[in-house]
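Okay, here's the structure, questions in a sec.
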Amino acid sequence: MTQGDEPGWEVDPTDEWGVAVVATVARQLKLRREAVGMRAGDFGTAVGYGEDMIYKIESGKRIPRPEFLDRADEVLGAGGLLSAMKEDVKRVTYPKKVREIAELEAKAVEIQLYDPLSIHGLLQTPEYGRGLLLMRRPAYTEAEVERFVAARVGRKSVFERDPMPELSFVVEEWTLRRPLGGRAVLRRQLEHLLETGRLRNVELQVMPMDCEEHAGVDGSIEVLKFADGSAVGRSLVVANGRAVCDLKQLRILELRYGIIRAQALTPRESLAFIEQLLGET
């Protein structure tokens, strides 16, 4: 396998925005190379890539890696033009579905999230997220794991907004006990949950394993509300996991989420519980 030829860097043909970004970068790259009179093979040698891979990148068939753009900028004397495209290219590497979710989260004024299977992506440390992704079967490639981790880290910008949205999370106790990635990774994850749960606009609740009633047996719930009064929700058992805006379906999701919150420990009790788990880990 040649440099830059790892799986996971192909362009998704259904991602119109991604295709457009990669095509723009490819066009600029080829124009810069031809402007300095360098053949594709010589350019490939200079940047450590095979000639065939250069043609794939210049034709928009491969997403260029960030370090490739930096090296190409230096070799072609682009004055930072190619390196400046790294941010948009980085977003292209995020799965389309993840990017669409992040765009909605960036506009929401209130977010309600429940995940019965793992600690939600917005709450994960990079190390925990990597450990979780490594459990996937069939296994992701290393490049795919890094792309997913980067995407989840990118979504955390929701915590940096001013004003910040109101965030509500319900996490399952068992997800706080399973040491994915090792005990050290779990300890840092628990510490991160405590830090996040103490933010003024965040309500973090734990659903204890000994709770005899549980309205979350139908799976995950996401509800995002916007400043204009509109909302969007998702759940695997509603519209097959597709985002919904229908008021009837949204009421069902909000009803379930409200009951789950009522059944879970309070935010204060939850932080005390996580502190206890941290001391045991």
Check: Residues in salt bridge (charged side-chain N to carboxylate O under 4.0 Å, His left out) with E127, at least two apart?
Finding: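 Not a single residue meets the salt bridge (charged side-chain N to carboxylate O under 4.0 Å, His left out) criterion with E127.
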Using side chain to side chain contact (heavy atoms under 4.5 Å, CB included) as the criterion, list what pairs up with R200, not counting sequence neighbours.
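Side chain to side chain contact (heavy atoms under 4.5 Å, CB included) check on R200 returns nothing, list empty.
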Distance col, row L104:CG vs R155:CZ, nearest 0.5 angstrom, shows 10.0 Å
Answer yes if L255 and M207 sit in the same cluster of Ile, Leu, Val, Met, Phe, Trp and Tyr residues linked by side chain heavy atoms under 4.5 Å apart, and no otherwise. no
Residues passing the side chain to side chain contact (heavy atoms under 4.5 Å, CB included) test with E34, sequence neighbours excluded, are K30
### Query
Taking C-beta and beyond as the side chain, do I54 and V47 meet within less than 4.5 Å on heavy atoms?
yes
Practice prompt. Please lay out, stage by stage, how Q112 and E110 fare under the test side chain to side chain donor-acceptor pair (under 3.5 Å).
Written response: CA-CA 7 Å; Q112 301 172 334; E110 184 178 345; 3.1 Å; yes
Sorted by chain and number, sequence neighbours left out, ring pair (Phe, Tyr, Trp, His ring centres under 6.0 Å) with F68 holds for Y49
*Taking the side chain as every heavy atom from C-beta outward, state whether L199 and L167 have any atom pair closer than 4.5 Å.*
no
Are R152 and L133 packed together at the side-chain level, in the sense that at least one heavy-atom pair is separated by less than 4.5 angstrom?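 SC-SC contact between R152 and L133 confirmed.
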Worksheet item: What heavy-atom pair brings D73 and G80 nearest, and what distance separates the two atoms?
Response: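 Heavy atoms of D73 and G80 come nearest at OD1-N, 2.9 Å.
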Using only atom types and a distance under 3.5 Å, with no angle test, would you say the side chain of Q189 pairs donor to acceptor with the backbone of T125?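 Such a contact is found between Q189 side chain and T125 backbone.
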*Could you tell me whether R188 and E195 make a salt bridge, using a distance below 4.0 angstrom between a side-chain N and a carboxylate O?*
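Counted as a salt bridge, because a side-chain N and a carboxylate O are separated by less than 4.0 Å.
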_My understanding is that only one of R187, E191, R177 makes a side chain to side chain contact (heavy atoms under 4.5 Å, CB included) with T281; could you say which?_
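In the set R187, E191, R177, the residue that makes a side chain to side chain contact (heavy atoms under 4.5 Å, CB included) with T281 is R187.
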For the pair Q205 (side chain) and V170 (backbone), establish whether a donor and an acceptor sit closer than 3.5 Å, ignoring hydrogens and angles.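 No: the side chain of Q205 does not pair with the backbone of V170.
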task = Please examine the side chains of D70 and K86, heavy atoms only from C-beta on, and report whether any two atoms are closer than 4.5 Å.
result =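 Yes, at least one pair of side-chain atoms sits under 4.5 Å.
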message = In this structure, would L224 and V109 fall into the same cluster of hydrophobic residues linked by side-chain contacts under 4.5 Å?
response = no
- Query: So, does S230 use its side chain to make a donor-acceptor pair with the main chain of F226 at under 3.5 Å?
  - Reply: no
CG (D210) and CD (E173) are apart, to the nearest 0.5 Å, by 7.0 Å
We want to know whether S220 and D115 form a side-chain donor-acceptor pair, criterion being a heavy-atom distance below 3.5 angstrom.
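No, because no side-chain N or O of S220 sits under 3.5 Å from a partner of the opposite role on D115.
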Q263 and C211: which non-hydrogen atoms are nearest, and at how many Å?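 Where Q263 meets C211 most closely, the heavy atoms are O-SG, 3.9 Å.
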Note to self: If we ignore hydrogens and angles and just use 3.5 Å, is the side chain of R71 paired with the main-chain N or O of A46 as donor and acceptor?
What the structure shows: yes
* May I have the step-by-step check of side chain to side chain contact (heavy atoms under 4.5 Å, CB included) for R261 and E203, ending in yes or no? => CA-CA 10 Å; R261 289 193 63 187; E203 290 191 340; 2.3 Å; yes
Could you check whether any side-chain N or O of S235 sits under 3.5 Å from a backbone N or O of I221, counting only pairs where one atom can act as donor and the other as acceptor?
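No; zero donor-acceptor contacts below 3.5 Å.
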Interatomic distance, OG1@T196 vs CG@N201, rounded to 0.5 Å, equals 10.0 Å
For I57 and L29, the nearest pair of non-hydrogen atoms, with its separation, is CG2-CD2, 3.7 Å
### Query
In Å and rounded to the nearest 0.5 Å, what is the NZ to CD distance from K225 to E254?
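Reported to 0.5 Å precision, the distance equals 3.5 Å.
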Q. Looking only at heavy atoms, which two atoms of L193 and L204 are closest? And how far apart?
A.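 In terms of heavy atoms, the two residues are closest at O-CD2, 3.5 Å.
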Report yes or no: do Y114 and W174 belong to one cluster of Ile/Leu/Val/Met/Phe/Trp/Tyr joined by side chain heavy-atom distances under 4.5 Å?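 Y114 does not cluster with W174.
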*asked:* Using the rule side-chain hydrogen bond (donor to acceptor under 3.5 Å, both in side chains), only one of E142, E146, Q124 pairs with R130; which is it?
replied: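 Going through E142, E146, Q124 one by one, the side-chain hydrogen bond (donor to acceptor under 3.5 Å, both in side chains) with R130 is satisfied by E146 alone.
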Honestly curious: do L117 and V237 fall in one hydrophobic cluster under the side-chain, below-4.5 Å linking rule?
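They do not share one cluster, since no chain of ILVMFWY contacts under 4.5 Å joins L117 to V237.
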Report task. May I have the step-by-step check of side chain to side chain contact (heavy atoms under 4.5 Å, CB included) for V185 and L180, ending in yes or no? Result -> CA-CA 7 Å; V185 170; L180 294 176; over 6 Å; no
Review point. Does one hydrophobic cluster hold both V36 and L82, with members joined at side-chain heavy-atom distances below 4.5 Å?
Key: yes
Rounded to the nearest 0.5 angstrom, the OH-CG distance for Y140 and L134 is 11.0 Å
Q | Side chains of Y257 and S168 in contact at under 4.5 Å (non-hydrogen atoms) | A |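 Touching, per the 4.5 Å side-chain cut-off.
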For L186 and R178, the nearest pair of non-hydrogen atoms, with its separation, is CD1-O, 4.0 Å
- request: Indicate yes or no: at least one non-hydrogen side-chain atom of K107 is less than 4.5 angstrom from one of V232.
  value: no
Take atom CD of E280 as the centre, draw a 6.0 Å sphere, and report whether it contains more than 12 heavy atoms from other residues, nucleotides or ligands. yes
Is it true that R33 and E51 make a salt bridge, defined as a side-chain N closer than 4.0 Å to a carboxylate O?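 Here R33 does not pair with E51 in a salt bridge, since their nearest N and O are not under 4.0 Å apart.
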Using 0.5 Å steps for rounding, measure from the CG atom of L278 to the CG atom of L271.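 Reported to 0.5 Å precision, the distance equals 12.0 Å.
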Contacts of K156 meeting side chain to side chain contact (heavy atoms under 4.5 Å, CB included) (sequence neighbours excluded), chain-then-number -> F159, H192
Can you name the nearest heavy-atom pair linking A108 to P165, along with the distance?
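Of all heavy-atom pairs spanning A108 and P165, the closest is O-CB, 3.4 Å.
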Residues at least two apart in sequence or cross-chain that pass salt bridge (charged side-chain N to carboxylate O under 4.0 Å, His left out) with R251, listed by chain then number, are none
